[in-house]
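None of these values were measured; they are calculated from a predicted model.
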Amino acid sequence: MKSSISIPCAGMPHFSRLIIAGLTLLCGSCKKESVAEPAPVLEGRWEFRSTVTYNYNATNQLLSKSEQFPGQYGAFYLVLTTDSLKYFKSYDNSPLGAYKISRNGNEIQIPKLQRTPIITELTNHSLSLRFQKTFVIGSTGAYEDLEDNYVR
């Protein structure tokens, strides 16, 4: 003689729909809050990577562009603070020069050098400083810009 036990399941489909609806609401309400990345910081140590030379004619037409990389003994880094810029040799950390600076937006004023490089790129890992009209040929009006590229 076999005996069987039957369990009424009439409420099961309704119950499983309720669980699925609850899980859907729970998962849908768990959104990741987007956290804004902090703005890149200019201050700190930056390792020199290259200089790009842009040559222009008197009508501002780009004539040529070339990139130079440092050799072992030409490598240097700079340390920027809110009011100074200091250059050091990479291989022995000896100082190459120190200058008082001030910053106005993307411009860095270096009064001692009578230069105002423009920050053309600033991320957490790269910095590009463009020095405009570093060399001007007086009779023709041709000139060159230099852009120094750094990483950290």
Tabulate below the donor-acceptor pairs under 3.5 Å that side-chain atoms of residues 79-86 make, not counting sequence neighbours, or state none.
residue: Thr81; atom: OG1; partner: Asp83; partner atom: N; Å: 3.3
residue: Thr81; atom: OG1; partner: Asp83; partner atom: OD1; Å: 3.2
residue: Thr81; atom: OG1; partner: Ser84; partner atom: N; Å: 3.0
residue: Thr81; atom: OG1; partner: Ser84; partner atom: OG; Å: 2.6

Output, in order, the C-alpha distance, side-chain angles, deciding distance and verdict of side-chain contact (heavy atoms from CB on, under 4.5 Å) for Tyr99 and Leu113. CA-CA 8 Å; Tyr99 306 96; Leu113 296 179; 3.6 Å; yes
Could Lys65 and Tyr54 be counted as a cation-pi pair, given that NZ or CZ must be under 6.0 Å from the ring centre and within 45° of the axis?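 Judged by the rule, Lys65 and Tyr54 form no cation-pi pair.
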Can a side-chain donor-acceptor contact be found between Tyr143 and Asn55 if the only test is distance below 3.5 angstrom?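 Not at all, the side chains of Asn55 and Tyr143 share no donor-acceptor pair under 3.5 Å.
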When you compare the side chains of Gln68 and Ser50, does any donor N or O come within less than 3.5 Å of an acceptor on the partner?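 Short answer, no.
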With rounding to the nearest 0.5 angstrom, report the [atom1] to [atom2] distance, [X] to [Y].
X	Y	atom1	atom2	value
Lys112	Lys100	NZ	NZ	11.0 Å
Gln109	Ile101	CD	CD1	9.0 Å
Ser128	Ile118	OG	CD1	12.5 Å
Ser64	Tyr56	OG	OH	10.0 Å
Leu96	Leu78	CG	CG	10.5 Å

[X] side chain to [Y] main-chain N or O, any donor-acceptor pair under 3.5 Å?
X	Y	result
Thr134	Glu144	yes
Arg130	Gln132	no
Asp148	Thr51	no

Looking at [X] and [Y], what are the two nearest heavy atoms and their distance?
X	Y	result
Thr123	Trp46	O-CH2, 3.6 Å
Arg115	Lys133	NH1-O, 3.6 Å
Arg45	Arg152	O-CB, 3.5 Å

Determine, using the 4.5 Å side-chain heavy-atom cutoff (strictly less than), whether [X] and [Y] are members of one ILVMFWY cluster.
X	Y	answer
Phe69	Leu129	no
Val52	Ile119	no
Phe135	Leu62	no

Is the shortest side-chain heavy-atom distance between Leu42 and Arg103 below 4.5 Å?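 Sidechains of Arg103 and Leu42: in contact.
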Strictly below 4.0 Å, N to O, side chains only: are Glu47 and Arg49 in salt-bridge contact?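 No.
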Please identify each residue that fulfils ring-ring contact (aromatic ring centres under 6.0 Å, His included) with Tyr77, with sequence neighbours left out.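 Tyr77 satisfies ring-ring contact (aromatic ring centres under 6.0 Å, His included) with Phe88 once adjacent residues are dropped.
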Would you sort out whether Thr116 and Ile110 count as a side-chain contact (heavy atoms from CB on, under 4.5 Å), showing the intermediate values? CA-CA 6 Å; Thr116 302; Ile110 310 172; over 6 Å; no
Take the angle between the ring planes of Phe48 and Phe76 and call it parallel below 30°, perpendicular above 60°, tilted in between.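 Correct class here is parallel.
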Could you please spell out the steps behind the side-chain contact (heavy atoms from CB on, under 4.5 Å) verdict for Leu127 and Glu121? CA-CA 5 Å; Leu127 168 66; Glu121 179 181 22; over 6 Å; no
